[in-house]
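Because the structure is predicted, anything quoted here is derived from the model rather than measured.
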Protein chains: 2
Amino acid sequence: MSYAGAVTLADHASPAPRPGRRADAERNRAAIIEAAGEVFAECGGGVDVREIARRSGVGMGTLYRHFPTKDELLVTVLEQQFEAWLTDAHQQAMATEDPWRALTGFFEQTLSTQARNRAVVESLTATGGPSSSCVERCYSIIDQLRTRCVDVGMLRPGVTTEDLFLLSGSLSQAVLSTADSRPGQWRRLLRISLDGLSSRNSEPLPAGTI
Amino acid sequence: MSYAGAVTLADHASPAPRPGRRADAERNRAAIIEAAGEVFAECGGGVDVREIARRSGVGMGTLYRHFPTKDELLVTVLEQQFEAWLTDAHQQAMATEDPWRALTGFFEQTLSTQARNRAVVESLTATGGPSSSCVERCYSIIDQLRTRCVDVGMLRPGVTTEDLFLLSGSLSQAVLSTADSRPGQWRRLLRISLDGLSSRNSEPLPAGTI
DNA sequence: CATTAAACGGAGCATCCGCTCCTGTTGTGC
DNA sequence: GCACAACAGGAGCGGATGCTCCGTTTAATG
């Protein structure tokens with residue numbers, strides 16, 4: 001396996017959860033992360049830091065000792081979520097025998113999760129997208145699924161991992177914009193794209209430059 | 001023709017360009033719109049209003065007399081741009097005889113324009129997307145192109161105008177996210193989607209509800 | 001020109017928000 | 001139990017930013 005299943009995001013939680021810290025500090029850190037997760041999911045990344053401090057029953061000083069910057073907190077929390085989604089979707093995809101169903105199921109699952117967590121996705125986009133480690137993990141999962149499809153000749157020739165990743169982000173936008181008015185319509189677009197990805201379409205794709 | 005080619009956006013320019021106003025006021029209004037267009041395109045919608053005032057050689061008071069709110073100015077300017085793009089793309093599409101080429105050309109043109117005007121698109125998204133009048137106009141253009149394709153049996157059965165509109169917004173995201181690193185890669189996605197839209201795919205699309 | 005109302009300009013107001021500082025408190029090792 | 005370092009907490013700083021107020025200027029009119 002080329003991707004490290006153990007790629008956590010410890011490198012983002014600035015004062016990493018080291019065991020030698022005081023018990024109350026540990027508790028507070030956990031409370032902050034939990035509260036921030038809730039608040040961000042409810043109100044998006046634009047919320048006042050004070051609200052997070054209030055909700056987690058912690059002072060501003062405490063919050064900022066644990067996370068030197070609002071962005072750092074935001075990123076930590078959001079990526080934790082994102083990683084969890086990715087892990088779920090990956091496991092399910094690996095458990096699916098048919099390569100094509102594994103790939104389509106992966107899309108279906110990640111996107112429907114995003115539909116259920118709009119605010120998180122929006123915040124994630126607003127902070128410049130997930131970190132490179134998250135992106136890399138996503139890439140390797142997709143690459144794995146893609147390879148399986150290619151091996152059995154189900155995927156249109158020439159489709160790259162980048163293409164699939166880009167498609168994922170693109171459909172993510174569709175998920176967001178239909179969330180209110182026409183929930184689930186993104187599935188139609190997903191179907192259309194997947195049909196365009198099947199090996200029944202053999203015309204070469206345009207090159208990736210301007 | 002079901003769409004009104006004359007749908008302008010005069011209803012957004014708060015103190016509408018009425019002829020009876022003083023010449024300097026007229027000049028200033030034009031200067032503000034032009035400067036705002038430049039500034040927004042360069043720096044996005046988050047810029048300080050002072051910068052727009054400075055660039056247009058006008059005081060804050062003047063600016064706010066013409067546009068009672070920053071958002072109003074932003075919307076006016078952005079929609080003016082958007083309308084112009086739409087008009088161009090529409091004209092070219094109408095001049096294309098082959099229905100399929102008209103549709104694909106429309107996508108190609110609107111998206112490549114967006115690629116050249118990222119900041120505008122981003123601001124437009126940030127302000128909650130184009131106004132309903134813009135959206136309606138876009139809808140009717142797409143509907144026209146869709147109907148032409150359906151008439152000659154080139155479009156996958158069951159594809160709605162909403163689907164195409166959603167696809168457009170979705171690909172727009174792809175345009176933005178590839179603008180730096182892999183410019184033009186969105187064309188591959190467009191091609192994939194369009195292939196999925198061709199009548200060669202006859203499987204019914206899923207319903208639009210959850 | 002004189003008059004006047006419309007238009008101008010920009011200093012300043014009010015607010016929001018990320019972050020810090022410093023005083024008081026609490027956990028931990030001896 | 002004591003001393004001390006680590007931690008908690010929240011008032012407040014700084015600066016960014018949308019918007020206003022009002023004294024000044026200027027175009028239009030006769």
Side-chain angles (χ1 to χ4, degrees), chain A residues 12-36 39-40 42-78 119 122-123 126-128, chain B residues 12-36 39-40 42-78 119 122-123 126-128:
Chain A
H12 293 297
S14 316
R18 55 170 196 273
R21 77 153 45 103
R22 262 168 54 171
D24 52 349
E26 204 90 43
R27 266 199 311 276
N28 278 331
R29 187 187 163 82
I32 292 169
I33 292 185
E34 192 186 327
V39 174
F40 286 145
E42 281 172 31
C43 324
V47 279
D48 195 324
V49 185
R50 276 166 260 260
E51 174 61 26
I52 298 168
R54 207 175 306 133
R55 189 91 71 107
S56 53
V58 143
M60 292 292 290
T62 304
L63 197 157
Y64 272 93
R65 198 170 318 102
H66 284 287
F67 298 93
T69 223
K70 181 192 182 179
D71 239 51
E72 204 106 1
L73 171 59
L74 192 58
V75 167
T76 301
V77 171
L78 295 179
E122 275 163 4
S123 306
T127 54
Chain B
H12 293 296
S14 315
R18 54 169 198 273
R21 74 152 47 105
R22 263 167 54 169
D24 52 348
E26 204 90 45
R27 264 199 311 276
N28 278 331
R29 189 188 161 82
I32 291 170
I33 292 184
E34 191 187 329
V39 174
F40 286 145
E42 280 172 31
C43 324
V47 279
D48 195 325
V49 185
R50 275 166 262 263
E51 174 60 27
I52 298 168
R54 207 176 306 133
R55 190 92 71 107
S56 53
V58 142
M60 292 293 290
T62 305
L63 196 156
Y64 272 92
R65 197 168 321 100
H66 284 286
F67 299 92
T69 222
K70 182 192 181 180
D71 239 51
E72 204 106 0
L73 171 59
L74 192 57
V75 168
T76 301
V77 170
L78 295 179
E122 276 163 5
S123 305
T127 56

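Mapping B:G46 and A:G61 onto DNA chain D via the closest heavy atom, the residue that lands nearer the 5' end is A:G61.
Between the B:S123 side chain and the B:A119 main chain, a donor and an acceptor come within less than 3.5 Å of each other. Side-chain atoms of A:K70 come within 3.5 Å of backbone atoms of A:V47 as a donor-acceptor pair (strictly under, hydrogens ignored). Remark: the backbone N or O of B:I32 is not paired with any side-chain donor or acceptor of B:S56 at under 3.5 angstrom.
One finds a side-chain N or O of B:H66 lying less than 4.0 angstrom from the OP1 or OP2 phosphate oxygen of C:dC8. Between A:T69 and C:dG18, a side-chain N or O to OP1/OP2 separation shorter than 4.0 Å is absent. Phosphate contact (OP1/OP2 of D:dC7, side-chain N/O of A:N28, threshold under 4.0 Å): absent.
Atom-to-atom distance recorded for A:E34:CD and A:R55:CZ is 10.5 Å, nearest 0.5 angstrom. Expressed to the nearest 0.5 Å, how far CD of A:E72 lies from OH of A:Y64 amounts to 11.0 Å. Within the model, atoms NE2 of A:H66 and CD1 of A:I33 stand 9.5 Å from one another, a figure rounded to the nearest 0.5 Å.
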_Using side-chain contact (heavy atoms from CB on, under 4.5 Å), reason through B:L63 and B:L73 one step at a time and then give a plain yes or no._
CA-CA 9 Å; B:L63 196 156; B:L73 171 59; 4.1 Å; yes
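In this entry the distance linking CG of A:L74 with P of C:dG18 reads 10 Å, nearest Å. Spacing between atom CD of B:E72 and atom C1' of D:dG18 amounts to 14 Å, rounded to whole angstrom units. Straight-line distance from the CZ atom of B:F67 to the C1' atom of D:dT20: 18 Å, rounded to whole Å.
Overall, the helix from C:dC1-D:dG30 to C:dC30-D:dG1 carries an axis bend of 10° between its ends, with five pairs at each end and the value rounded to 10°.
Taking only side-chain atoms of B:D48, from C-beta outward, the nucleotide of D:dG9, D:dT17, C:dG18 with the closest atom is D:dT17. Among the nucleotides C:dT20, D:dG18, D:dA8, the one closest to the side chain of A:Y64 is C:dT20. Distances were taken from every side-chain heavy atom of A:M60 (C-beta onward) to each of C:dC8, C:dT20, C:dG18; the shortest belongs to C:dT20. Taking only side-chain atoms of A:T62, from C-beta outward, the nucleotide of C:dG18, D:dA8, C:dA7 with the closest atom is D:dA8.
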*Between protein and nucleotides 23-30 of chain C, map the contacts as a letter string: B base, S sugar-phosphate only, - none, heavy atoms under 4.0 Å, written 5' to 3'.*
---BSS--
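Residues B:F67 and B:L74 form no side-chain contact, since every pair of their non-hydrogen atoms from C-beta on lies 4.5 Å or further apart.
For B:R50 against C:dG10, a side-chain-to-base donor-acceptor contact under 3.5 Å is absent. A donor and an acceptor atom never sit less than 3.5 Å apart when one is taken from the side chain of A:R65 and the other from the base of D:dA6.
Under 4.0 Å is where a charged nitrogen must lie from a carboxylate oxygen, and between B:R54 and B:E51 at least one such pair does.
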